[in-house]
Amino acid sequence: MSALRVRFAPSPTGYLHIGGARTALFNFLLSRKEQGTFVLRIEDTDVARSTQESTDAILQAMEWLGLSYDEGPYYQSERFDLYRRKVEELVQSGLAYRCYCSAEELEAKREAALKAGAKPKYDGTCLGRTDHPAGVPFVVRFRAPQDGETTFPDRIKGAITFQNEELDDLIIQRSDGTPTYNFVVVVDDAEMGITLVIRGDDHINNTPRQILLYGALGYPVPEFAHVPMILGADKTRLSKRHGATSVMAYRDLGYLPEALVNYLARLGWSHGDQEIFSMEELIEKFSLENVGRSAGVFNPEKLLWLNAHYIKTGDPQRLAGLLEGHLAALGVATAGGPPLPSVVRTLQERAKTLVEMADGAAFYYREDYPFDAEACAKHLTADRKPVLEALVRRLEAVSDWNHQGIEEAFVAVMEETGLKLGKFGPAVRVALSGGTASPGIYEVLEVLGRSESLRRLGRGIDSIV
RNA sequence: GUCCCUAUCGUCUAGCCCGGCCUAGGACACCGGCCUUUCACGCCGGCGACGGGGGUUCGAAUCCCCCUGGGGACGCCA
């Protein structure tokens with residue numbers, strides 16, 4: 001174990017989204033590579049918005065992606081005593097003070113400042129206040145220095161400097177007594193011994209005030225690595241209107257976790273020209289040095305391409321297991337039909353998602369599938385009847401029901417009738433699958449088995465009027 | 001508005017730190033061709049970028065400055 005300790009700290013106010021997943025992934029990869037410790041912490045100080053369902057959803061998504069952690073999950077809602085003690089410590093030392101301004105007053109001042117073109121900043125009304133009006137609710141503010149500057153070396157962006165006069169006295173404890181984000185994140189990262197904070201770069205602006213807080217509380221300041229945001233096609237922050245943003249939604253859409261992990265890793269990080277990475281490879285090759293500095297646009301097409309790749313190269317047995325659910329969603333029962341792994345093999349090169357694969361696999365398990373009207377009119381015509389009947393005879397005589405035996409039967413039919421495969425292949429396909437797009441007909445025949453194949457062929461012949 | 005971050009093909013990016021090997025490489029998408037019993041896969045080819053302006057230098061995508069564009073933050077949310 002190296003000294004590296006990183007963490008992922010989502011707030012349970014919704015599902016795990018694409019951006020959060022990538023932050024978690026980077027933390028996970030680095031901790032594994034450096035043999036450090038990966039801590040999971042649930043930031044649920046906003047009691048009103050946090051839910052157990054969200055926590056469960058996040059945990060489930062991380063598990064699906066294969067992002068395991070070494071410590072936690074810790075819940076901030078269980079650590080309020082600690083935070084309260086720390087707030088008290090700051091108040092006692094004069095580094096924090098009570099503020100009796102009402103939320104309404106503050107809001108009005110903020111709007112006025114924004115309107116006047118100035119940066120909204122707390123005006124310090126209660127800064128020198130010494131009275132303690134009874135019964136008036138108050139918040140606790142951290143006193144920020146107004147001179148000098150705060151600078152830190154970001155592992156991804158380089159040195160970042162803020163003038164302290166840009167900062168104001170932030171609220172660290174609400175009027176209901178609960179602590180706020182900027183405060184607890186510092187206390188926890190310090191108390192949990194986090195040595196490197198990897199998070200979205202929307203947190204860069206919070207960093208200087210957090211650094212000041214570390215100092216005030218007597219904690220060592222960790223290192224920071226701010227990862228660029230993920231944007232939608234219109235270059236604005238990725239959100240629901242850009243399509244699915246929930247990690248689990250991709251599972252339901254038929255994506256494989258390794259495809260999403262690979263995609264997310266390559267969005268903002270690279271290793272030369274390499275595009276395909278297994279989790280093991282990512283752990284071996286990941287490094288902060290190769291993380292880009294600018295925001296990236298989420299590209300669903302590339303994710304789809306990666307998914308197709310992993311479906312193509314995946315283990316049929318495993319894919320079959322994953323496909324089961326998608327088939328069930330279509331109302332397709334696989335019991336009694338051809339073995340699913342065999343079916344999967346015929347579709348791996350054709351399906352880009354498991355949903356597509358389920359669509360393509362359905363006909364194998366439907367005994368009474370309808371014939372596509374157009375395909376039927378075009379291919380299941382009266383003049384094809386003799387060839388199909390000849391084919392049935394040949395197939396009945398095949399001794400070994402495998403690809404080779406089936407192919408030999410077709411060759412015999414072609415010799416017997418003088419017809420090319422192009423002349424009657426489509427008719428066979430429609431009879432077997434109901435439509436014009438399917439895996440190769442020899443494969444379908446083989447997987448379906450002789451009796452079912454013959455039954456379907458007979459059904460096709462019977463449909464010819 | 002203020003502050004912070006950022007800037008190579010439509011998109012993800014290599015190259016930039018240590019200037020010349022860059023007539024800028026790869027991938028997705030798109031277009032064309034090949035393969036072919038359908039749909040796909042695959043293979044081959046094509047289209048396509050250093051935001052603009054100043055410097056520094058024999059030489060700049062690479063170094064410096066300005067402008068512009070894009071993103072983010074400015075909550076008793078995290």
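Predicted model, so just to flag it, every value in this text is computed and none were measured. Naming convention: chains lettered A, B, ... in sequence-line order (proteins, then strands); numbering from 1 in each chain.
The local environment of NZ in A:Lys285 is crowded, with over 12 non-hydrogen atoms from other residues, nucleotides or ligands closer than 6.0 Å. In A:Arg129, the CZ atom is crowded: over 12 heavy atoms of neighbouring residues, nucleotides or ligands sit closer than 6.0 Å. Counting heavy-atom neighbours within 6.0 Å of A:Arg143 CZ, excluding the residue itself, gives a total of 12 or less.
An anti base is found at B:C50: its glycosidic angle is more than 90° from 0.
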Taking N or O atoms only and anything under 3.5 Å, show me the protein contacts with nucleotides 68-72 of chain B, one pair per line.
unit_1: B:G72; atom_1: OP1; unit_2: A:Arg237; atom_2: N; d: 3.2
unit_1: B:G72; atom_1: O3'; unit_2: A:Arg237; atom_2: NH1; d: 3.3
unit_1: B:G72; atom_1: N2; unit_2: A:Asn205; atom_2: OD1; d: 3.3
unit_1: B:G72; atom_1: N2; unit_2: A:Asn205; atom_2: ND2; d: 3.3

Distances under 3.5 Å between nitrogen or oxygen atoms of protein and nucleotides 74-76 of chain B:
unit_1: B:C74; atom_1: O2'; unit_2: A:Pro120; atom_2: O; d: 3.3
unit_1: B:G75; atom_1: OP2; unit_2: A:Arg110; atom_2: NH1; d: 3.2
unit_1: B:C76; atom_1: O3'; unit_2: A:Arg174; atom_2: NE; d: 3.4
unit_1: B:C76; atom_1: O2; unit_2: A:Ser175; atom_2: N; d: 3.0
unit_1: B:C76; atom_1: O2; unit_2: A:Ser175; atom_2: OG; d: 2.9
unit_1: B:C76; atom_1: N3; unit_2: A:Ser175; atom_2: OG; d: 3.1
unit_1: B:C76; atom_1: N4; unit_2: A:Cys101; atom_2: O; d: 3.2
unit_1: B:C76; atom_1: N4; unit_2: A:Ala103; atom_2: N; d: 3.4

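Within the 4.0 angstrom heavy-atom criterion, no nucleotide atom of any strand lies near A:Tyr263. Heavy atoms of A:Ile160 sit under 4.0 angstrom from primed sugar atoms or phosphate atoms, though from no base atom. Counting non-hydrogen atoms under 4.0 angstrom, A:Ser433 reaches nothing in the nucleic acid. Contact annotation for A:Ile204: backbone-only contact, meaning every heavy-atom pair under 4.0 Å involves sugar-phosphate atoms and none involves a base. No engagement by A:Thr13 is indicated, since no non-hydrogen atom pair under 4.0 Å with the nucleic acid exists. At a threshold of 4.0 angstrom between heavy atoms, the contacts of A:Arg266 include nucleobase atoms, whether or not backbone atoms are also involved.
Separating the P atom of B:C5 from that of B:C66 is a span of 13 Å, rounded to the nearest Å. On the P atoms, B:G25 is 11 Å away from B:G46, given to the nearest whole Å. As rounded to the nearest Å, B:C64 and B:C17 have P atoms that lie 9 Å from one another. When the P atom is used for both B:U38 and B:C22, the distance is 43 Å, rounded to whole Å. Between the C1' atoms of B:C58 and B:G19, the separation comes to 12 Å (whole Å).
Comparing B:A78, B:U11, B:A14 by their nearest atom to the side chain of A:Ser11 picks out B:A78. If you check B:C3, B:A7, B:U37 against the side chain of A:Leu421, the one that comes closest is B:U37. Considering only the side chain of A:Ala437, B:C39 comes nearest among B:A7, B:C39, B:U37. Between B:A78, B:C12, B:A7, one nucleotide has an atom nearer to the side chain of A:Lys302 than all others, and that is B:C12.
For the residue pair A:Lys423 and A:Thr417, no side-chain donor N or O sits within less than 3.5 Å of a side-chain acceptor on the partner. In this structure, a donor-acceptor pair under 3.5 Å is absent between the side chains of A:Arg366 and A:Ser433. No side-chain donor-acceptor contact under 3.5 Å links A:Tyr181 and A:Asp46. Side-chain contact annotation: A:Arg41 with A:Ser11, donor-acceptor N/O pair under 3.5 Å absent. With 3.5 Å as the limit, one finds a donor-acceptor pair spanning the side chains of A:Asp234 and A:Thr236. One side chain, A:Glu105 or A:Ser102, offers a donor N or O that lies under 3.5 Å from an acceptor on the other. A donor-acceptor contact under 3.5 angstrom links the side chains of A:Asp56 and A:Gln52, judged on distance only.
Across all strands shown, B:C76 forms no Watson-Crick or G-U wobble pair with both distances under 3.5 Å. For B:G42, the paired nucleotide is B:C34, the pair qualifying as Watson-Crick or G-U wobble because both relevant distances are below 3.5 Å. Base pairing analysis places B:A49 opposite nothing; no Watson-Crick or G-U wobble pair with both distances below 3.5 Å involves it. Pairing for B:G59 is absent, judged as Watson-Crick or G-U wobble with the two contacts each under 3.5 Å. Here B:C17 sits opposite no nucleotide as a Watson-Crick or G-U wobble pair (both hydrogen-bonding atom distances under 3.5 Å).
For A:Lys121 and A:Asp169, the salt-bridge test fails: no basic side-chain N is under 4.0 Å from an acidic carboxylate O.
Comparing A:Gln163 and A:Gly268 by the nucleotide of RNA chain B whose heavy atom lies nearest to each, the residue mapping closer to the 5' end is A:Gln163. If you find the closest nucleotide of RNA chain B to A:Tyr442 and to A:Glu275, the one lying nearer the 5' end belongs to A:Glu275.
Counting to the nearest Å, the C1' atom of B:C17 and the CG atom of A:Asn290 are 12 Å from each other. Protein atom CZ of A:Phe371 is 16 Å distant from nucleotide atom C1' of B:U38, rounded to whole Å. For the pair A:Glu149 CD and B:C4 P, the interatomic distance rounds to 11 Å; values are reported in whole Å. Between the CG atom of A:Leu288 and the P atom of B:C17 there is a distance of 21 Å, rounded to whole Å. Note: CG (A:Leu306) to P (B:U11) measures 19 Å, nearest angstrom. Put simply, CD1 on A:Ile230 is 16 Å from C1' on B:U6, counting in whole angstrom units. Taking atom CG of A:Leu380 as the reference point, atom C1' of B:U38 lies 14 Å away to the nearest angstrom.
Using a 4.0 Å cut-off on heavy atoms, the residues of residues 348-356 of chain A that approach RNA chain B are A:Glu349, A:Arg350, A:Lys352, listed by number.
Ring centroids of A:Phe142 and A:Tyr97 are separated by 6.0 Å or more, keeping the two rings apart.
In this pair, A:Phe410 and A:Phe424 present their aromatic rings parallel. The plane angle is below 30°, not in the 30 to 60° band.
Geometrically, A:Arg98 engages A:Phe138 in a cation-pi contact defined by less than 6.0 Å to the ring centre and at most 45° from the axis.
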